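For reference, the structure discussed in these notes is given below.
Note that the structure is a prediction, hence the values are computed from the model and not measured.
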Amino acid sequence: MATLAAASVICTLLAIGNIEANPGPFPCKICPIVPETIASSIRHQHYHSMDKNFKYYCPLAECMYFTSSFGSMNNHVSTFHRKTKHRADLSAAEPSAAELSAPNQDRTPNIPCYSCCVPDCIVSVPSLWELIQHFYRHLENGVEIPTCPIQNCDFKLPFKKKSNLQVHLSQKHRSWRDEGCPKKRPHSENFATHSTATSLPSTSRDQTEDMDWESTGEANCEANPDVDPLILNDELMFDCIAKFYLKLYGEFFLPYKIIQEISEAIALISNMMHCRVKVLLFNELTKLKISEQQINMIRFKIMCADLLYASHSKDIPGPTFTTDHLRKKYFEEHFHYKPPTEISLDPNSEKTNKKYMYVPVQQTLETLLEDPSVQKEIENSFQEQPAGQDGIISNYTDGQQYIIENHPRREIHLFVFQDGFNPVMNVLGSAKNKYKDLGVYFTIGNLKSIFRSKIASKHLIMLIRESVIKTVGTSKCFQKLKEHLGALEENGIIFKGENIKVVVEYFIGDSLGQHFIGGFVESFSGMYCCRFCNVKRKTYKKDPSVTHPLRTRLSFQHCLYRSRLTGKPYEGVKQDSVFNTLKYFHSSSHLVPCFAHDLLEGVISFDLSGILATFVKSKWMSYDFINRRIRKFRCVGVDTPNKPALVNVKGLKLGGHAVQNWTLLRLLPFIIGDKIKNKEHDAWKLYLQLKNLCEYFSAPEFCSSVVPYIKDVLLPQYFELRSKVLSSKVRPKHHFMCHYPELMLKYGPLIQLWTMPYEQKHKMFKNICRLSRNFKNLEYTLATRHQLNLCYLGTSPLFEEEITEAGSKPLSPDSHSGPVSQLIQHLNISQDWRECEVLIKDGVQYKHNDYLLLSSCGTQITGGFIRLIIIKGRNIEFFLEVINAFFNPDLGIYELPMVKTGFLQKVSRNQLKYPLPQPLYLYKGVEGFSLKNKLI
């Protein structure tokens, strides 16, 4: 009873000290296995790390930390949960009722504690880890440790230094930290000796005792009383092996030949290892006088237990991964792999090039709707309230086109993208257009805009050679896609046991592709080149700001009727679109513009190039000077991947891609602003107006009240000044830009409907082509690898909130001084928060001294420098030193004061309307920044 009372006192003290007596068990979030300790939980999670985007979660329920790095999780546990990592279960200290009622039974409870072996020290601790730490403190104070704390250790000499004990533990008991259990590994032996000799080689006394069969077996049984059930689960282990191959197929895009060679090498090596094990087993078991039949049975069971060997051998029952066919068959049965279908457009010929690769939309949707993160996003979109009356437009559902169609609340929307691209890079000569394909992808519109922009949200529908389309025609090529989309509109799809209709909301693409899909003329040098209105070429050439009323279904049908009568295009319409039979879609209203192609690669590329040419003609600078400044300019933050390209000396257009041109437009004042001799020069004013228009058109949200100002004031002013400064001709994309104000109201923020996220899919196909090195039936290779990639992505949720931190440590006011320490104490922030030096959330990196935007008011923006980042679970807080920035109208940038002193404010990351840190640059010694888009 005295021991029982002592156990109760221990539990009470642990509760008072807020230390759990038994922090486990820790159920796995992926499988049914329930590890008992933190260390075993982390080790168990490591077995699941083959999943795509796998995250390690801190096992403690009250701690919400997670990371993608095994080492970071170990560091986190060592820093924040050192005393609970190997904590033993004290619940066994209290005997059961049956034990208490037994008359002659020893009632001494089984208290799993470890006592110090130093004389006159009566300390007992509940785990081996804490006992080792206690021994370290003795050794630091000069007290000897008489013996090794590990049970059954043969080392009998005392330890006089801390380093001696550390070296001994690392060499003799390498796994002592695993719940305090030693896991001894037999000494390695010479294979040649065992294969030829009948007796053991001579060893030292220590080695002989360690190699003793019975003692080693007993030690291992004590060391591993609870083996992780995952290791004994054949299905999960086979899944780990299969995910390894799936990663080679779907992420690294290795050639089939190399993957097969890897498989054969694994089979060869594992077979050699088993040959060695067979010889060793036979020799050792023969000495134990075990019959040959029993030895063969033992050897067979050991071979079957090695699943890496079994999965690469056809002699062992169970799944095998020895061939490409068997591997893909396993993917289909266990990972929902759906291979693409080859559709022939010439059924009369078996060997025809008139074919394309097709992935049914419904098949992909069914797979996606099983993903919990996709389910969550779609369910949230069903719960969203209709557009408010505050005039803020922040999504396509706030656009007039969506509103007038009166969609039901519970409906899945699709954005379909199409574009031509060449998957083979650097093709020259006659083969330049040989492999050019048309790719068609789709995205679920119900996702948040941040998830719609990710490449994982883009899913393949079809790949077809452009030469085939020209030969067969668009109607025949898209017939199956149209039928499947119509069936989804009519029959819907099962989502959480409910039938939900699926509709095509918008088609996305560049102007050429949109004209191709919509049935408009595909030449932009004709009389009618606008799909939005029927303005004539000579009209917008004379006055670029002039636009005609937008096309309607009725006007389109009228043009189509006249075109069929005459056999020629009429007002830009040449044929009907195969998709016009869908419920909502129509060519006149559902072909959205692309901000990147129209403005960044069109208007900005030509007009900014002309503006720079004007500066050169004015003798302010030369092209060599401009390019030298660009070359030496150092982009920071989010601008780093898109540093401006060098300017084309011919002065016709800029030399960069869309986002590089955008970066140059924004950062030009910091690059050459000091060389502008006259800030009132018309060319510089034209630049500022172009920059201002771009900020309005690229806004992720805007007030509907600014649209008339853009259309009636800013655009006429720009074209009027442009006619004075630039002599270059007005292009069709200038006219498209004039439609942008009314298209913003019609479709919502245009930046959310641009093509740049889909262009990343083209880049993925180019990488597949380059890495797989297979140009025979290229569309089949690309489509198959895409589906394998989708299969690999499906091994984990597609759209999980990602948080990565570096330099974490417990939050303490004592580690800070001044206002930061005072604010921590004033807000009474608990110590279960932790601070970090660098934090990455959803791909956005935050670090100390980054500048975040908070609000905008006229020519002043309120922002703050990050002085401290604290995190608790998924809650992220910033301590910001608030400093206002002021607009400089001569440069079109915002400047910070020279003396940066402000008050400290705690801001939640979820409260930030503009979560991206603003890159800061110097202009004549003053820090400033240039906005990407207008702030509300």
Does the structure place the NZ or CZ of Arg327 under 6.0 Å from the centre of the six-membered ring of Tyr245, at an angle of no more than 45° from the ring's axis? yes

Please report the C-alpha distance between Asn141 and Tyr136 in whole Å, then the side-chain angles of each, then the deciding distance to 0.1 Å, and finally whether the side-chain hydrogen bond (donor to acceptor under 3.5 Å, both in side chains) criterion is met. CA-CA 9 Å; Asn141 295 329; Tyr136 286 164; over 6 Å; no

Gap separating the CD1 atom of Ile266 from the CG atom of Asn271, nearest 0.5 angstrom: 13.5 Å

Ring center gap for Phe70 and Tyr56 short of 6.0 angstrom: yes

Between CD on residue Glu264 and CG on residue Leu268, distance to nearest 0.5 Å: 9.5 Å

Within the 4.5 Å heavy-atom criterion, are Val838 and Tyr846 side-chain neighbours or not? no

Lys841 NZ to Ile871 CD1 distance, which is reported to the nearest 0.5 Å: 9.5 Å

Test Arg834 against His76 for side chain to side chain contact (heavy atoms under 4.5 Å, CB included), laying out the working first. CA-CA 10 Å; Arg834 58 186 181 275; His76 167 80; 4.3 Å; yes

Is there side-chain contact between His816 and Ile824, with heavy atoms separated by less than 4.5 Å? yes

Got a donor-acceptor contact below 3.5 angstrom from the Thr67 side chain to the Ser69 backbone? yes

Is the ring pair Phe54/His48 parallel, tilted or perpendicular, if the boundaries are 30 and 60 degrees? tilted

Would you check if the side chain of Ser313 reaches a backbone N or O of Tyr309 as a donor-acceptor pair within less than 3.5 Å? no

Lys247 versus Tyr792: any side-chain heavy-atom pair under 4.5 Å? yes

Is the shortest distance from a Lys or Arg side-chain nitrogen in Lys162 or Glu140 to a carboxylate oxygen in the other one below 4.0 Å? yes

Go through the steps for Phe253 and Leu788 under the test side chain to side chain contact (heavy atoms under 4.5 Å, CB included), then give the verdict. CA-CA 9 Å; Phe253 307 124; Leu788 288 166; over 6 Å; no

What I'd like to find out is whether the side chain of Leu307 reaches to under 4.5 Å of the side chain of Ile316, using heavy atoms alone. no

Shortest non-hydrogen contact between His138 and Ile145, atoms and distance: CB-CD1, 3.9 Å

Can you list the steps and then say if Ile42 with Ile38 is a side chain to side chain contact (heavy atoms under 4.5 Å, CB included)? CA-CA 6 Å; Ile42 297 174; Ile38 292 182; 3.9 Å; yes

Are there over 12 heavy-atom neighbours, none belonging to Glu837, within less than 6.0 Å of that residue's CD? no

Would the distance check show the side chain of Ser311 and the main-chain N or O of Phe321 forming a donor-acceptor pair, the cut-off being under 3.5 Å? no

Heavy-atom side-chain proximity of Tyr65 to Ser72 below 4.5 angstrom: yes

Test of understanding: with side-chain hydrogen bond (donor to acceptor under 3.5 Å, both in side chains), list the residues that count as partners of Tyr330, not counting sequence neighbours. Asp239

Cut-off 3.5 Å, side chains only: do Ser263 and Gln260 have a donor facing an acceptor? no

Would you say Lys809 and Glu835 make side-chain contact, with heavy atoms under 4.5 Å? yes

May I ask you to say whether Glu877 pairs ionically with Lys872, meaning some side-chain N is under 4.0 Å from a carboxylate O? no

Side-chain heavy-atom pair Cys28, His44 within 4.5 angstrom cut-off: yes

Side chain His312, main chain Leu308, donor-acceptor under 3.5 Å: yes

Side chains of Thr804 and Phe66: does their closest heavy-atom pair fall under 4.5 Å? no

Atom of Asn789, atom of Gly250 and distance for their closest heavy-atom approach: ND2-O, 2.6 Å

Pair Gln166-Ser163, side-chain hydrogen bond (donor to acceptor under 3.5 Å, both in side chains): steps then yes or no: CA-CA 5 Å; Gln166 289 176 330; Ser163 59; 5.9 Å; no

Assess the residue pair Ser115 and Ser124 against the criterion (side-chain hydrogen bond (donor to acceptor under 3.5 Å, both in side chains)); give the C-alpha distance rounded to whole Å, side-chain angles, the decisive distance to 0.1 Å, and a yes or no. CA-CA 4 Å; Ser115 301; Ser124 295; 3.1 Å; yes

Distance in Å, Glu805 CD paired with Leu839 CG, rounded so as to fall on 0.5 Å steps: 6.5 Å

